[in-house]
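Just so it is clear, the model here is predicted, and its values are computed rather than measured. Every number for a ligand or one of its atoms is a count from 1 in the order of the listing.
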Amino acid sequence: MRVRKAVIPAAGLGTRMLPITKSMPKEMLPVVDRPVIHYVVEEAIKAGIDDILIITGKGKRAIEDYFDRSFELEYYLREKGKLGELREIEEIGEMVDIYYVRQKRPLGLGDAILHAEKHVNGEPFAVLLGDDIIVSQKPGIAQLIEVAERKNAPVIGVETVPWDLVGRYGIIAGEEVEDDLYKIRDLVEKPSRKEAPSNVAIIGRYVLPPEIFDVLKDVPPGKGVEVQLTDALKLLLPKSEMFAKRINGRRYDIGSKAGFIIANVELSISREDLRNQVLQHIEKLLREIRYG
Ligand code: G1P
């Protein structure tokens, strides 16, 4: 098995981030000075993916514009001698081959993935959700691809979450067969705390086989009356061994307001050009809070 293609679903309405997402795709929310989806595309490229399909929907045109060349802006920057900025803008336009397909109705993540069937064309493929940014030595999705290729099986990225958050995620149950690697026995989408078989949660990274498309066509709408990828994976389970890999690295849940703010703080501190100013401000804030 060799994974070459990636699918990035970006058709969701982003209701958890309203009101900003009323007129702006959640994938374009800025983390420091680039949109969330930039980090996700970069992760895929670093993992050796050379073909990316983004599933868009209504109101998502800004995503296509972002990854397109912008000759007007490039001309302006060249004229002004802003060569650093020019290089950066040109690089974004040349990152990788990106294709787009539109999901016309918001019927859920499973339905969005189904729109990739033609493009994926019978190959195993990676899925990266824009709700998660993963900062790690080895790209998050590359860690899954390594296992998928070795085991010749689908692999899902997971992380242990606090028990009171299990209802926000797909949850897996399984046996740890190697360090940080589970053989999956069951999957449940957004269970209540009582129903949850564990607190090992699916984060937005998957390596899937093309067989998932046939399952997705049959799976009935689940949680939120949406076609759920987790439900399709559960149906695939009797036919295929499936693994869950605990991803090594720091994950930011951009789909929640607190996670989005934390990502901005931490990623700005990791940037040399911003670190001192941001840290000094945080220290000042903390002093003020402590001493009134
Ligand atoms: C989706 C999946 C869920 C997974 C989550 C990770 O949910 O359905 O299984 O745990 O992404 O971010 P969503 O956040 O789109 O509701």
Side-chain angles (χ1 to χ4, degrees), residues 7-18 21 25-27 29 31 36-37 39-40 43 54-57 60 103 106-116 126-135 140-141 144 154-174 182 184 186-193 195-208 212 215-216 219-237 242-247 249-260 262-263:
V7 175
I8 302 180
L13 296 177
T15 48
R16 276 194 285 164
M17 291 301 268
L18 277 168
T21 42
K26 67 171 175 179
E27 296 76 14
L29 288 170
V31 175
V36 172
I37 197 161
Y39 294 90
V40 177
E43 180 187 331
I54 300 183
I55 319 283
T56 67
K60 303 281 184 169
Q103 184 192 28
L107 297 178
L109 177 60
D111 179 72
I113 301 282
L114 201 44
H115 283 67
V127 173
L128 298 93
L129 307 188
D131 284 352
D132 300 281
I133 290 181
I134 295 170
V135 177
I141 195 68
L144 301 195
V155 183
I156 302 171
V158 290
E159 182 182 82
T160 302
V161 297
W163 277 96
D164 55 332
L165 294 184
V166 289
R168 287 236 302 257
Y169 298 95
I171 298 292
I172 67 127
Y182 299 85
I184 298 178
D186 197 11
L187 310 100
V188 199
E189 180 66 9
K190 303 193 173 84
S192 68
R193 193 179 165 147
E195 293 160 346
S198 81
N199 59 342
V200 180
I202 300 175
I203 56 176
R205 300 292 182 272
Y206 309 77
V207 176
L208 301 178
I212 195 72
V215 184
L216 279 168
V219 67
K223 275 270 148 67
V225 206
E226 292 186 344
V227 179
Q228 296 293 350
L229 179 59
T230 307
D231 295 345
L233 288 167
K234 187 182 167 90
L235 289 179
L236 192 64
L237 202 51
M242 208 178 282
F243 294 90
K245 168 93 176 85
R246 195 185 290 279
I247 293 181
R250 284 176 90 78
R251 165 191 167 253
Y252 302 100
D253 179 4
I254 307 296
S256 80
K257 289 178 190 177
F260 169 70
I262 291 168

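Between R168 and D253, the closest side-chain pair of non-hydrogen atoms falls below 4.5 Å. Two residues are said to be in side-chain contact when any heavy atoms from C-beta on lie closer than 4.5 Å; R193 and D164 meet this criterion. You'll find the side chain of L208 reaches within 4.5 Å of the side chain of L229, heavy atoms only. Between E226 and E189 the shortest side-chain heavy-atom distance does not fall below 4.5 Å. Residues V36 and K26 fail the side-chain proximity criterion, which asks for heavy atoms closer than 4.5 Å.
In E226, neither the side chain nor the backbone holds a heavy atom less than 4.0 Å from any atom of ligand 1. Contacts with ligand 1 closer than 4.0 Å are made by side-chain heavy atoms of L129 only, the backbone lying farther away.
Nearest protein heavy-atom contact of atom 14 (O) of ligand 1 is R16 NH2, 3.2 Å.
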For this session: Please step through side chain to side chain donor-acceptor pair (under 3.5 Å) for the pair R246 and T160, ending with a clear verdict.
Result: CA-CA 8 Å; R246 195 185 290 279; T160 302; 2.5 Å; yes
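In summary, the atoms of ligand 1 found under 4.0 Å from a heavy atom of D131, numbered by their order in the structure, are 14 (O), 15 (O). Of all atoms in ligand 1, listed by their number and element, those nearer than 4.0 Å to a heavy atom of Q228 are 8 (O).
Between T230 and ligand 1, an N or O atom pair is found at a separation short of 3.5 Å. Polar contact with ligand 1: present for G170 (N/O pair, distance under 3.5 Å). The N/O atoms of I202, backbone and side chain alike, include one that comes under 3.5 Å of an N/O atom in ligand 1.
Nearest residue to atom 12 (O) of ligand 1 from V161, D132, V158 is D132 (criterion: closest heavy atom). Of the options E189, R168, K190, the smallest heavy-atom separation from atom 13 (P) of ligand 1 is shown by K190.
Here the closest non-hydrogen pair linking K223 and Q228 is O-NE2, 2.8 Å.
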